[in-house]
Amino acid sequence: MAVVSQEAIMQLKALMDQVDEPLRRTFQNVHQGYIVETLERFLKARDGVVARAHKMLVDSLQWRLENGIDEILSKPIVPVNFYRGVRDSQLIGLSGYTREGLPVFAIGVGLSTFDKASVHYYVQSHIQINEYRDRVILPAATKKKGKYIGKCVKILDMSGLKLSALNQIKLLTAISTVDDLNYPEKTITYYIVNVPYIFSACWKVVKPLLQERTKLKVQVLQGCGRDELLKIMDYSALPHFCRGSGSSRRSDNAVEDCFSLDHHFHQELYSYIKKQSGIVEPTRTLKHGSVHVEVPLAGPKKAEFCRTLESEWKKFQNQDNVYRLHDIQISD
């Protein structure tokens with residue numbers, strides 16, 4: 001991982017001091033008062049090269065302006081029953097915090113179906129969670145700990161992973177591209193748990209395609225990962241799928257199931273967005289519409305990733321006579 005020098009940070013800061021006022025305004029929502037730490041993130045994402053980091057940051061700020069990202073936390077997905085469908089099919093939640101104060105985000109990779117709404121709603125929801133994390137969760141964690149908290153931990157649950165997940169590769173690539181280009185270096189470690197044999201085989205092929213800094217952050221844990229995760233967080237912060245035998249399934253307890261809309265994290269998030277929008281609980285069904293966010297084009301490396309993944313998954317199409325592929329194509 002590139003070591004960012006103070007000189008590089010100061011050079012990038014000098015360049016950012018020259019940008020137009022609209023870019024400066026949206027930059028405030030990005031750095032939240034921690035300019036140096038933000039510049040360091042973008043420099044790390046571009047191997048410490050100031051010119052490349054400057055272009056990346058300016059492009060990201062332009063993307064925010066063109067897509068209204070500063071206002072996205074005032075655009076709820078309504079009505080609530082429709083949003084519940086989004087939450088039930090795009091499994092993500094905040095299960096707690098590490099002992100160092102880092103938020104722990106759980107992601108149900110294997111059981112997310114993305115079949116209750118259009119792509120635009122899932123991208124909108126993902127960006128809203130990113131913005132809520134950066135504007136609300138992390139500043140609150142910083143205040144509580146009395147030191148800067150600018151990153152999180154992610155635990156990816158692979159239980160239930162099937163070949164049908166290939167149908168969503170275009171959406172997942174779009175979401176990861178948004179993160180790569182606009183929210184770099186926000187995750188300190190990716191813990192992967194409950195891995196099936198299919199994942200293990202593909203991981204050997206996919207791993208060489210990842211950037212070195214990303215590979216260094218990935219840890220594939222044994223089973224549900226409970227014992228390893230308890231070294232950095234208390235039991236109460238563990239997602240339900242990391243709590244032992246059989247816990248990889250969705251929990252019936254909304255208090256424990258951080259994926260559920262009934263979980264306090266999602267209740268607070270949804271209430272925050274409604275409050276920002278000025279919407280009170282509607283007495284009639286509101287017409288809902290998604291926020292259309294332009295997703296930057298994936299680079300050649302990500303296109304290669306998709307082609308390789310498609311090739312490797314197809315090798316398993318007749319294995320055990322359980323999984324089959326039917327004319328699945330992966331979009332770059």
Check: Roughly how far, to the nearest 0.5 Å, is CG of N182 from CG of L57?
Finding: 10.0 Å
Note to self: Taking CD in Q222 as the centre, count heavy atoms belonging to other residues, nucleotides or ligands within less than 6.0 Å. Is the count above 12?
What the structure shows: no
Check: Does Y122 have any ring pair (Phe, Tyr, Trp, His ring centres under 6.0 Å) partners at least two apart in sequence or in another chain, and if so, which?
Finding: F114
Checklist line | Any pair counted as side chain to side chain donor-acceptor pair (under 3.5 Å), so long as it reaches residues 95-106, sequence neighbours left out | finding: R99-D234
Check: Do the side chains of Y121 and K116 get nearer than 4.5 Å, heavy atoms only?
Finding: no
Check: Do I155 and V193 come within less than 4.5 Å of each other through their side chains, counting heavy atoms only?
Finding: yes
Checklist line | Where L161 and P196 come nearest, the two heavy atoms and their spacing | finding: CB-CG, 4.0 Å
Next item on the list: Check which hydrophobic residues are tied to Y148 through side-chain heavy-atom contacts below 4.5 Å, counting indirect links as well, and list them.
Entry: Y34
Check: Passes side-chain contact (heavy atoms from CB on, under 4.5 Å), I149 versus K147? Steps please.
Finding: CA-CA 6 Å; I149 303 291; K147 64 177 183 179; 4.1 Å; yes
Checklist line | Shortest non-hydrogen contact between S159 and L111, atoms and distance | finding: O-CG, 3.5 Å
Item checked: Note: R46-E185 ion pair, threshold 4.0 Å (strictly below) -> no
Check: Distance-only, no hydrogens or angles: does the Q267 side chain make a donor-acceptor pair with backbone N or O of L261 under 3.5 Å?
Finding: yes
Notebook entry, point to check: Of all heavy-atom pairs between C242 and L229, which one has the smallest distance, and what is that distance?
Noted result: SG-CD1, 3.7 Å
Notebook entry, point to check: What's the spacing between E131 CD and L73 CG if we round to 0.5 Å?
Noted result: 6.0 Å
Note to self: Within the structure provided, determine whether T142 and Q32 are in side-chain contact (heavy-atom separation under 4.5 Å).
What the structure shows: no
Margin query: Within this structure, what is the CG-CD1 distance for the pair D179 and I175, rounded to the nearest 0.5 Å?
Written below: 8.0 Å
Check: For the residue pair F259 and F241, does the interplanar ring angle fall in the parallel (under 30°), tilted (30 to 60°) or perpendicular (over 60°) class?
Finding: parallel
Notebook entry, point to check: Quick one: SG on C224 to CG on D157, what's the gap to the nearest 0.5 Å?
Noted result: 9.5 Å
Checklist line | Nearest-0.5 Å distance that lies between atom CD1 in I69 and atom OG in S60 | finding: 9.0 Å
Item checked: Worked check of side-chain contact (heavy atoms from CB on, under 4.5 Å) between L61 and R64 -> CA-CA 5 Å; L61 297 180; R64 294 179 66 88; 4.2 Å; yes
Notebook entry, point to check: Between the side chain of S271 and the main-chain N/O of E268, is any donor-acceptor distance below 3.5 Å?
Noted result: no
Note to self: Using only atom types and a distance under 3.5 Å, with no angle test, would you say the side chain of T189 pairs donor to acceptor with the backbone of V153?
What the structure shows: no
Please list every donor-acceptor pair under 3.5 Å in which a side-chain atom of residues 11-20 meets a protein atom from a residue at least two apart or in another chain.
unit_1: Q11; atom_1: NE2; unit_2: E7; atom_2: OE2; d: 3.2
unit_1: K13; atom_1: NZ; unit_2: D17; atom_2: OD2; d: 3.4
unit_1: Q18; atom_1: NE2; unit_2: A14; atom_2: O; d: 3.4

Note to self: Which residues pass the ring pair (Phe, Tyr, Trp, His ring centres under 6.0 Å) test with Y190, not counting sequence neighbours?
What the structure shows: none
Checklist line | Chi angles and distances behind the side-chain contact (heavy atoms from CB on, under 4.5 Å) call for N29, R135 | finding: CA-CA 7 Å; N29 273 330; R135 298 195 224 173; 4.0 Å; yes
Next item on the list: Determine yes or no for a side-chain-to-main-chain donor-acceptor pair under 3.5 angstrom, with R243 supplying the side chain and S236 the backbone.
Entry: yes
Notebook entry, point to check: Are the side chains of M56 and R52 in touch, meaning some heavy atoms are under 4.5 Å apart?
Noted result: no
Margin query: Can you confirm whether H120 sits close enough to V123 that some side-chain heavy atom of one is under 4.5 Å from a side-chain heavy atom of the other?
Written below: no
Check: So, do T187 and C152 sit near enough that their side-chain heavy atoms are less than 4.5 Å apart?
Finding: yes
Notebook entry, point to check: Between D88 and R84, is there a side-chain N and carboxylate O pair less than 4.0 Å apart?
Noted result: no
Check: How close do I137 and P103 get, heavy atom to heavy atom, and via which atoms?
Finding: CG2-CG, 3.7 Å
Checklist line | side-chain contact (heavy atoms from CB on, under 4.5 Å) partners of I92, counting only residues at least two apart | finding: R87, I107, I129
Next item on the list: Examine distances only and state if a side-chain atom of D47 and a backbone atom of V49 form a donor-acceptor pair shorter than 3.5 Å.
Entry: no
Check: If you round to the nearest 0.5 Å, how far is NE2 of H240 from OG of S260?
Finding: 9.5 Å
Margin query: Using every non-hydrogen atom in the two residues, find where A237 and V104 come nearest and quote the distance to one decimal.
Written below: O-CG1, 4.4 Å
Item checked: Sidechain N-carboxylate O distance under 4.0 Å for K186, D134 -> yes
Next item on the list: Could you pull out the closest heavy-atom pair between G85 and S89, with the gap in Å?
Entry: O-OG, 2.8 Å
Margin query: Run the side-chain contact (heavy atoms from CB on, under 4.5 Å) test on Q124 and Q128 for me, step by step, so that the C-alpha distance in whole Å, both residues' side-chain angles and the decisive distance to 0.1 Å come before the verdict.
Written below: CA-CA 6 Å; Q124 175 184 347; Q128 285 178 329; 3.5 Å; yes
Next item on the list: Without swapping roles, check the side chain of S277 against the backbone of K274 for a donor-acceptor pair under 3.5 Å.
Entry: yes
Next item on the list: Could you tell me whether Y270 and H266 have their ring centroids closer than 6.0 angstrom?
Entry: no
Check: Does T26 reach the main-chain N or O of L23 with its side chain, forming a donor-acceptor pair under 3.5 Å?
Finding: no
Note to self: Any non-hydrogen side-chain atom of T38 less than 4.5 Å from a side-chain atom of F27?
What the structure shows: yes
Check: Hey, are the side chains of K154 and K217 touching, using non-hydrogen atoms and a 4.5 Å cut-off?
Finding: no
Notebook entry, point to check: M10, L39: one ILVMFWY side-chain cluster at the under-4.5 Å cut-off?
Noted result: no
